[in-house]
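Comments concern the structure below.
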Amino acid sequence: KEEYYADVGIQYYVLKGAGLHIDGVFLMHLNNQYVYDGKTLDLEGLFSSSDLTEAAIAYQEEIPEMLAGLKEMLAAADPPGITPSKHCNRPYGCEFWEYCMKGMPDHWVIQLSGIGQKKLDELEEMGIYDIVEIPDGFSLSAIQERIRNCVVNDESYIARGLKEELEDVESPIHFLDFETFALAIPRYAGTRPYQGIPFQWSDHILHKNGKIEHREYLCEEDKDPREEFTLTLLNVLGSRGSIVTYTDYERRIIEALARDHPEHHKPLLATLDRLVDLYKIIRNNYYHPEFHGSFSLKSVLPAIIPEMSYDSLAVQEGQEAGIEYMRMIDPSTPAEEKEKIKKDLLKYCGHDTLAMVRIREALLKLF
DNA sequence: ACTGGTTGAAAATCACGACC
DNA sequence: GGTCGTGATTTTCAACCAGT
């Protein structure tokens with residue numbers, strides 16, 4: 001990747017400047033096609049490296065000038081006058097993002113879902129930062145046009161098909177969410193680097209009579225959780241009823257489980273036909289100005305159900321769940337700490353599935 | 001009959017945003 | 001960080017046309 005050249009170049013500059021003699025510069029890559037056999041890691045297969053010696057040396061001439069520029073910027077009384085845009089988060093997030101964003105409008109043009117740098121530059125050229133100021137003729141995608149309309153008129157968008165799609169399900173309706181962790185160095189036989197390993201599920205089941213039942217699973221031992229995960233999951237899903245998820249992440253995990261566990265292949269594949277993606281339904285059929293351009297559960301939930309916020313949760317996003325789980329199964333974590341993590345994980349995952357129940361319910365009430 | 005340019009459809013690539 | 005679907009953008013390529 002582009003950014004690694006600078007990274008490697010600067011490391012070379014620092015080490016060389018510290019007096020080390022450097023024969024060559026190499027970048028090591030993880031081979032994500034490598035499958036661990038469960039016994040010994042084959043380092044040759046796991047890693048590959050590319051020789052970037054020339055690129056690192058070529059980069060050296062840019063560094064002194066760059067450093068001078070950086071020093072000057074740091075010594076200045078005022079922060080550099082750079083308009084915040086996409087570059088602030090690419091390739092990595094900038095720690096001044098919050099600070100620089102303060103001056104931007106509540107409905108900033110960057111919130112137009114899917115907008116690229118080109119259109120943003122055009123708007124900046126015209127001095128337009130607020131979605132309400134976008135001129136009529138300006139070319140926008142269907143979804144961006146929808147966002148603009150909703151913001152300008154301060155109203156939500158409800159497509160005709162929303163009710164129909166939300167009701168195109170069979171009872172009992174399962175609302176399902178998985179948590180996974182992904183390790184760079186594979187830990188279990190038959191897995192690859194960064195392969196997502198599911199360790200927890202939550203299922204809110206809406207029965208025909210309106211009763212809501214909650215079932216959940218969390219692997220508590222330090223072992224490959226997939227077998228137990230699969231068995232408990234198949235048991236709770238049974239053979240009837242739609243399975244609602246948010247995005248098709250769960251589908252992909254189930255497909256991977258079916259691939260890696262031939263003994264459960266059939267029943268796992270049978271669940272795929274029952275999946276319904278609530279994210280897709282909302283993206284295609286509904287918008288609320290408080291989404292601020294994002295259809296993630298974290299944006300959609302507070303807009304539709306303000307009282308169900310994420311603030312009170314110890315675990316607030318998926319990545320954190322995986323990290324906390326690793327801490328929970330770590331033998332060096334004290335028992336009471338493990339207990340707390342367990343509670344937080346169950347609370348988080350259950351919160352997401354209940355959120356889906358409530359969102360669907362609230363959207364149906366619009367009709 | 002050949003060349004060069006244009007057009008438009010199809011395919012490939014890229015960017016984005018969602019999940020973990 | 002990985003992965004995937006979606007939609008936009010770019011590239012490719014064949015068909016077409018005008019001019020020689």
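Lettering follows sequence order; numbering is per chain, from 1.
Within 4.0 Å (heavy atoms only), A:G322 reaches no atom of the nucleic acid at all. Residue A:L297 is classed as a sugar-phosphate contact, given heavy-atom separations below 4.0 Å to backbone atoms only.
The CG-P distance, from A:N31 to C:dG2, rounds to 12 Å in whole Å. Regarding A:M28, its CE atom lies at a distance of 17 Å from the P atom of C:dG1, rounded to whole Å.
Counting distance only, with no hydrogens placed and no angle test, the side-chain atoms of A:Q195 and the base atoms of C:dG2 include no donor-acceptor pair under 3.5 Å.
Take A:H174 and apply the ring-ring contact (aromatic ring centres under 6.0 Å, His included) test, not counting sequence neighbours, and it matches no residue. In this view, A:E324 and A:R327 satisfy the salt bridge (charged side-chain N to carboxylate O under 4.0 Å, His left out) rule, not counting sequence neighbours. With sequence neighbours left out, A:K298 forms a salt bridge (charged side-chain N to carboxylate O under 4.0 Å, His left out) with A:D352. Residues satisfying the ring-ring contact (aromatic ring centres under 6.0 Å, His included) test with A:F291, not counting sequence neighbours, are A:Y286, A:Y287, A:F295. A:E320 is linked by a salt bridge (charged side-chain N to carboxylate O under 4.0 Å, His left out) to nothing, counting only residues two or more places apart in sequence or in another chain. For A:D248, the salt bridge (charged side-chain N to carboxylate O under 4.0 Å, His left out) criterion is met by A:R252, not counting sequence neighbours.
Closest of all the heavy-atom pairs between A:Y34 and A:T40 is OH-O, 3.9 Å.
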Indicate every side-chain donor-acceptor pair of residues 57-79 of chain A with a distance under 3.5 Å to a residue at least two apart or in another chain.
from  : atom 1 : to    : atom 2 : distance (Å)
A:Q60 : NE2    : A:G9  : O      : 3.0
A:Q60 : NE2    : A:A56 : O      : 2.8

Side-chain donor-acceptor pairs of residues 138-147 of chain A under 3.5 Å, sequence neighbours excluded:
from   : atom 1 : to     : atom 2 : distance (Å)
A:S141 : OG     : A:Q144 : N      : 3.3
A:Q144 : OE1    : A:K119 : NZ     : 3.4
A:Q144 : OE1    : A:S141 : N      : 3.1
A:Q144 : NE2    : A:S113 : O      : 3.0
A:E145 : OE2    : A:R148 : NE     : 3.4
A:E145 : OE2    : A:R148 : NH2    : 3.3
A:R146 : NH1    : A:R283 : O      : 3.1

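Annotation for A:F26: hydrophobic cluster partners, listed by chain and number, are none (ILVMFWY side-chain heavy atoms under 4.5 Å, direct or chained).
Donor-acceptor pairing under 3.5 Å is lacking for the side chains of A:H29 and A:N31.
If you check residues 244-257 of chain A against DNA chain C, the residues with a heavy atom closer than 4.0 Å are A:D248, A:R252, listed by number.
Listed pair A:N32 / C:dT3 meets the phosphate criterion, a side-chain N or O lying under 4.0 Å from OP1 or OP2.
In 5' to 3' order, the nucleotides of DNA chain B bounding all contacts with chain A (an atom under 4.0 Å from a heavy atom) are B:dC16 to B:dC20.
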Where do N or O atoms of nucleotides 6-10 of chain C meet protein N or O atoms at under 3.5 Å, pair by pair?
from  : atom 1 : to     : atom 2 : distance (Å)
C:dT6 : OP1    : A:K280 : NZ     : 2.8

